[in-house]
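First listed ligand is number 1; within each ligand, the first listed atom is number 1. Keep in mind the model is a prediction, meaning the values are calculated, not measured.
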Amino acid sequence: MGIESTAHTFGASIVSSDGKILADVKDVYKPATGSGIHPREASRHHSNVAHVVIRDALEKGNIKSSEIEIISYSAGPGLGPCLRVGATVARTLALHLKRPLVPVNHAIGHIELGCLTTGSLDPVTLLVSGGHTMITAYSAGKWRAFGETLDITAGQLLDQLGRHAGYSSPAGAVIEKLASGSSRYLKLPYSVKGNDVSLSGILTASKRLLDQGEGIRDVCFSVQETAFAMLTEVTERAVAFLEKTEILLTGGVAANTRLTEMLKSMSEERGVTFKVIPKNYAGDCGAQIAWIGALAFRSGVQVPVGSSWVKQSWRFDGVEVPWRIVN
Ligand code: AMP
Ligand code: MG
């Protein structure tokens, strides 16, 4: 069983040791319209819903709690108060069921769940979510960063633009819908530095365009075209440099059809395979924690309950990935 609680989502999932997702249940905290995630409010939400989410996961998976073999939890990166609720729930389960406790890096969860659900083996991965914007590939024992955002993430860009326009967070899906109603491009800063991207200039400029009276549809269209073209460019450069043959798109923003289209057309031009995580597993969920917990435990990873921990800024590229056998 995996417990996810890094930000707005409290999730519990049961995954078999051979990678079948038997249950994946979540309850998402929704901030007031115009606000972002309030960490304390989100953590309160998580502690209120935890028992229901876990009970539903057991029921949906048709599993008795005594049949659970490993308890894994998202140990970071994430919001401290939210991480602590998930860790406390996981510790309690581990003690009660007398099962090993496995800390999981949330970003690696997004990547490896993408591999599991798409059959991707050794991809260049574009991870785009509320907490991450990274281009990564596995090499010599770790998932390594070949590009990332220098400031805000793609999810933050969309959510903060949405909030400025009066929509509630997360706003990515609303922005996608609005963008599909326009094809009028307004110039926005295209900022690629080396193989990194800077997205905060797009946010500032697009908010200014809205304040100057430009239409919301045109602004959303232009933001998507600019930001997604930048992400496609850096992903393409990483693929060319690394000579990998697969691209994987994962994380909450992977639900976006326009981003998918751009990456697909670039992949076709380069003759590489393109895969995208199914929409129901794109955003934060327990399955990304349960599956990596199973992989890591098999490689000997676990932590005693008494010294278990959470780390708000736990980077994925420092984490040993002993379960991968490619290169
Ligand atoms: P995660 O942090 O992985 O749960 O992903 C959440 C992020 O995905 C939020 O920033 C959402 O706004 C974003 N998101 C969800 N659906 C879409 C969509 N259709 N297009 C773009 N972004 C989206
Ligand atoms: Mg996430």
Test your reading of the structure: does Gly172 have an N or O sitting under 3.5 Å from an N or O of ligand 1? yes

For atom 19 (N) of ligand 1, what's the nearest protein heavy-atom neighbour? Residue, atom name and distance, please. Glu176 OE1, 2.8 Å

Minimum heavy-atom distance between Cys82 and Thr6, given as atom pair plus value: CB-O, 3.8 Å

Considering only the protein, which heavy-atom contact is closest to atom 1 (P) of ligand 1, and what is its distance? Asp284 OD1, 3.2 Å

Short side-chain donor-acceptor distance under 3.5 Å, Ser200 and Asp151: yes

Looking only at heavy atoms, which two atoms of Trp291 and Ser16 are closest? And how far apart? CZ3-O, 4.2 Å

Proximity of His110 to ligand 1 by residue part, where a heavy atom lies under 4.0 Å: side chain

Out of all atoms in ligand 1, which are within 4.0 Å of some heavy atom of Gly283? Include the element for each. 3 (O), 4 (O)

Show which atoms of ligand 1 fall inside a sub-4.0 Å distance from at least one heavy-atom site of Ala171. 12 (O)

Check Gln156 against ligand 1 and report side chain, backbone, both or neither, counting heavy atoms closer than 4.0 Å. neither

Does ligand 1 have a heavy atom under 4.0 Å from the side chain of Asn256, from its backbone, from both, or from neither? both

What protein heavy atom lies closest to atom 7 (C) of ligand 1? Include the residue and the distance to one decimal. Gly130 N, 3.7 Å

Counting only heavy atoms, which portion of Ala154 has something under 4.0 Å from ligand 1: side chain, backbone, both, or neither? neither

Tell me: protein heavy atom nearest atom 15 (C) of ligand 1, and distance? Gly252 O, 3.6 Å

Pair Arg270 + Glu236, salt bridge at N-O below 4.0 Å: yes

What protein heavy atom lies closest to atom 13 (C) of ligand 1? Include the residue and the distance to one decimal. Val253 CG2, 3.9 Å

Considering non-hydrogen atoms only, spot the tightest contact between Glu67 and Asn62 and give its length. OE1-O, 4.5 Å

Please verify the inter-ring angle class for Tyr29 with His45; under 30° counts as parallel, over 60° as perpendicular, anything in between as tilted. tilted

Salt bridge check, Lys26 against Asp24: does any charged N sit closer than 4.0 Å to a carboxylate O? no

Determine, for Asp317 against Lys142, whether the closest basic-nitrogen to carboxylate-oxygen distance falls under 4.0 angstrom. no

Per-atom contacts, ligand 1 versus Gly155 - under 4.0 Å to a heavy atom: 10 (O)

For ligand 1, is there an N or O atom under 3.5 Å from any N or O atom of Gly131? no

What do you reckon, does Leu158 have a nitrogen or oxygen under 3.5 Å from a nitrogen or oxygen of ligand 1? no

Name the closest protein heavy atom to atom 11 (C) of ligand 1, giving the residue it belongs to and the distance to 0.1 Å. Pro170 CB, 3.6 Å

Please check if any side-chain donor atom of His46 sits under 3.5 Å from a side-chain acceptor atom of Asp27, or the reverse. no

Shortest reach to atom 10 (O) of ligand 1 by a heavy atom, considering only Thr257, Thr250, Asp159: Asp159

Close approach, His8 and ligand 1, non-hydrogen under 4.0 angstrom: yes

Does one side chain, of Thr250 or Tyr281, offer a donor that lies under 3.5 Å from an acceptor on the other? no

Assess whether a salt bridge exists between Glu261 and Lys264, defined as any Lys/Arg side-chain N lying under 4.0 Å from an Asp/Glu carboxylate O. no

Over 60° means perpendicular and under 30° means parallel, so tell me whether Phe241 and Phe146 are parallel, tilted or perpendicular. tilted

With the Mg ion (ligand 2) at the centre, find the angle made by OD1 from Asp284 and NE2 from His106, to 10°. 90°

